[in-house]
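Treat the numbers as computed from the prediction; the structure is a model and nothing was measured. Atom set for the values below is all heavy atoms of this structure, side chains included, hydrogens, waters and symmetry mates excluded.
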Amino acid sequence: MGADKSNKVVVVGAGLMGTGIAHAFASSGFETVLVDTNAAALEKAYASVEKILGDGVRLGKVSEEKGRAALDRLTVNADLSEAAVGANLLVETVSEQLAIKKAVVMQAASLMVDNAIIASNTSALSVTEIAASVPAPERFIGMHFFNPVHKMKLVELVRGLATSDETVARVKDLCDAIGKTSITVNESPGLTTSRMSALLGNEAMYMLQEGIATAEDIDTALRMGFNHPMGPLELGDLTGWDTRLSVLRYLHETLGEKFRPCPLIIKMVAAGRLGRKTGHGVYQYHEGNRVPGSGLKGSAL
């Protein structure tokens, strides 16, 4: 039947993922509200969406009129209680901490329209456990996007214990409407992609720690040898090593020893070297661009 584009979509969390998801819905015809208590984060997110749309216009991928219309459909708000009123879909992208996610969905649930869907972008936490915080867990689903959202086509739809077939079907239609390919997975720690990505990134860090190869060469191996669009260390810098460490610790706790975090990741997070967002991770960054030759080398660890 297809998704109704008159629906109001609320995205909570103005980080990289929230910004990308808000862009995806606004540019696909949905009235979209991006929510964050941090005014500076909202300002940065809006500017990022404006840049993505502007780049699309310059590259001829979208007309100037459509780019302007998409930006007009996006608003920002620091107050979730105000933004959630009358929403048909809410996607939370807040910090990977169960208590914070539960607080957000509890606050929003009673303000949304009847039959509204609430989705979590979590990559590792329990959708079933978050869903237990809302009155209608059958209308709660995991909706795991990938970074950068405007380039990555996949969305993992995660069925919690109570998620209904109708909810899955409706969210599949929403994914189609924003130009994404969706797969459906039953809830399990790390889903499909996070389990594989966590192992790959962790092993890459062990190789770096042991001095087997430079960061650049490890990333080049995956890009050129396996046709990955980005190497595992580049991806870790983009995602944030604090987020990576949080996911690895959860998977280590639930799935066992093979997910034990590499000590180098723990050291980097303790030192505040989280990746692009702090200007320094495995690589160094200046004005958002990677500094050539700045990757960690085993002999320097």
- What residues, two or more places apart in sequence or in another chain, satisfy side chain to side chain contact (heavy atoms under 4.5 Å, CB included) together with A136? E138, R139
- CA sep, side-chain torsions, deciding dist, call: F30, L89, side chain to side chain contact (heavy atoms under 4.5 Å, CB included): CA-CA 10 Å; F30 293 87; L89 171 70; over 6 Å; no
- Query: With a 4.5 Å limit on heavy-atom distance, are the side chains of N115 and R170 in contact?
  - Reply: yes
- Item | Co-members of the apolar cluster containing I52 [side chain, <4.5 Å] | none
- Task: To the nearest 0.5 Å, tell me how far D36 CG sits from T93 OG1.
- Result: 8.0 Å
- dist I266:CD1 -> W241:CH2 (nearest 0.5 Å) comes out at 12.5 Å
- All side chain to side chain contact (heavy atoms under 4.5 Å, CB included) counterparts of M106, not counting sequence neighbours: S133
- Task: Specify the closest pair of heavy atoms between P189 and L255, including all atoms of both residues, with the distance to one decimal.
- Result: O-CD1, 3.8 Å
- How would you list all residue pairs meeting ring pair (Phe, Tyr, Trp, His ring centres under 6.0 Å) that involve residues 126-183, not counting sequence neighbours? H144-F146
- Heavy-atom closest pair, residues S28 and A177: CB-O, 3.6 Å
- Donor-acceptor contact present, side-chain E156 to main-chain T193, <3.5 Å: yes
- Taking the side chain as every heavy atom from C-beta outward, state whether M207 and D217 have any pair of such atoms under 4.5 Å apart. no
- Message: Using only atom types and a distance under 3.5 Å, with no angle test, would you say the side chain of Q284 pairs donor to acceptor with the backbone of S294?
- Response: no
- Message: Between K101 (side chain only) and V127 (backbone N and O only), is there a donor and an acceptor less than 3.5 Å apart?
- Response: no
- So if you build clusters from Ile, Leu, Val, Met, Phe, Trp, Tyr with side-chain heavy-atom gaps below 4.5 Å, do L74 and V35 land together? no
- Item | Single-linkage hydrophobic cluster L200~L238, side-chain heavy atoms < 4.5 angstrom | no
- Partners meeting ring-ring contact (aromatic ring centres under 6.0 Å, His included) with Y283 (sequence neighbours left out): none
Got a list of side-chain donor-acceptor pairs under 3.5 Å for residues 55-62, not counting sequence neighbours?
from : atom 1 : to  : atom 2 : distance (Å)
D55  : OD1    : R58 : NH2    : 2.2
D55  : OD2    : K51 : NZ     : 2.8

- Item | Flag side-chain contact, heavy atom, 4.5 Å: V155 against V171 | no
- Task: Please name all residues satisfying salt bridge (Lys or Arg N to Asp or Glu O under 4.0 Å) with E64, sequence neighbours left out, ordered by chain then number.
- Result: R68
- Message: Going by salt bridge (Lys or Arg N to Asp or Glu O under 4.0 Å), name the residues that satisfy it together with E287, two or more places apart in sequence or in a different chain.
- Response: none
- Min side-chain heavy-atom separation S48-L16 under 4.5 Å: no
- Just how far is it from atom OG of S120 to atom CG of L98, taken to the nearest 0.5 Å? 9.5 Å
- Item | Gap separating the CG atom of L53 from the NZ atom of K66, nearest 0.5 angstrom | 12.5 Å
- Non-hydrogen atoms of L208 and T214 that approach each other most closely: CD1-C, 4.2 Å
- Are F25 and V10 co-members of a hydrophobic cluster defined by side-chain heavy atoms under 4.5 Å apart? no
- Item | Which atom of T128 lies closest to which atom of G160, heavy atoms considered | OG1-CA, 3.4 Å
- Item | Student check: side-chain heavy atoms of V247 and F259 closer than 4.5 Å | no
- Please assess V282 against M268 for the test side chain to side chain contact (heavy atoms under 4.5 Å, CB included), listing each intermediate value before the final yes or no. CA-CA 8 Å; V282 171; M268 283 176 51; 4.0 Å; yes
- Taking a hydrophobic cluster as the set of Ile, Leu, Val, Met, Phe, Trp and Tyr residues connected by side-chain heavy atoms closer than 4.5 Å, whether directly or through intermediates, do M17 and Y250 fall within one such cluster? no
- Message: Quick one: does any side-chain atom of N88 pair with a main-chain N or O of K8 as donor and acceptor, under 3.5 Å?
- Response: yes
- Note on the structure: Here the gap from L222 atom CG to L233 atom CG, rounded to the nearest 0.5 Å, amounts to 8.5 Å
- Item | L199 with M196, same ILVMFWY side-chain cluster at under 4.5 Å | no
- Between atom CD1 of I117 and atom CE of M143, what is the distance when rounded to the nearest 0.5 Å? 8.5 Å
- Message: Taking the side chain as everything from C-beta on, heavy atoms only, tell me whether L80 gets closer than 4.5 Å to L90.
- Response: yes
- Return the set of residues passing salt bridge (Lys or Arg N to Asp or Glu O under 4.0 Å) with E234 (not counting sequence neighbours), or none when no residue passes. R223, R290
- Taking atom types as modelled and ignoring hydrogens, do the side chains of S63 and E65 form a donor-acceptor contact shorter than 3.5 angstrom? no
- Item | Side-chain (N202) to main-chain (R260) donor-acceptor, under 3.5 angstrom | yes
- Does any N or O in the side chain of E210 come within less than 3.5 Å of the main-chain N or O of I212, such that one atom is a donor and the other an acceptor? no
- Apply side chain to side chain contact (heavy atoms under 4.5 Å, CB included) to the pair L274 and V269, showing each step before the final yes or no. CA-CA 6 Å; L274 308 183; V269 171; 4.2 Å; yes
- Task: Tell me, with the steps shown, if L235 and R244 meet side chain to side chain contact (heavy atoms under 4.5 Å, CB included).
- Result: CA-CA 10 Å; L235 182 59; R244 281 276 162 154; 3.5 Å; yes
- So does L161 have more than 12 non-hydrogen atoms from other groups sitting under 6.0 Å from CG? no
- Message: Would you say CG of D79 has more than 12 non-hydrogen atoms from neighbouring residues, nucleotides or ligands within 6.0 angstrom?
- Response: yes
- Residues two or more places apart in sequence or in another chain: which of them pass side chain to side chain contact (heavy atoms under 4.5 Å, CB included) with K172? L157, V168, S182, T184
- Query: Quick one: does R273's side chain get under 4.5 Å of L296's, heavy atoms only?
  - Reply: yes
- Task: Only counting residues at least two apart or in another chain, list the ones meeting salt bridge (Lys or Arg N to Asp or Glu O under 4.0 Å) with D165.
- Result: R159
- Query: Counting only heavy atoms not in D114, do more than 12 sit closer than 6.0 Å to its CG atom?
  - Reply: no
- Message: I need the minimum non-hydrogen distance between A108 and A84, along with the two atoms involved.
- Response: CB-CB, 4.0 Å
- Query: Going by heavy atoms in the side chains, are L34 and Y46 under 4.5 Å from each other?
  - Reply: no
- Task: Over all heavy atoms of both residues, which pair between P137 and V134 is shortest? Give the atoms and the distance, please.
- Result: CD-O, 3.6 Å
- Message: If the condition is side chain to side chain contact (heavy atoms under 4.5 Å, CB included), which residues does S246 pass it with, not counting sequence neighbours?
- Response: E96
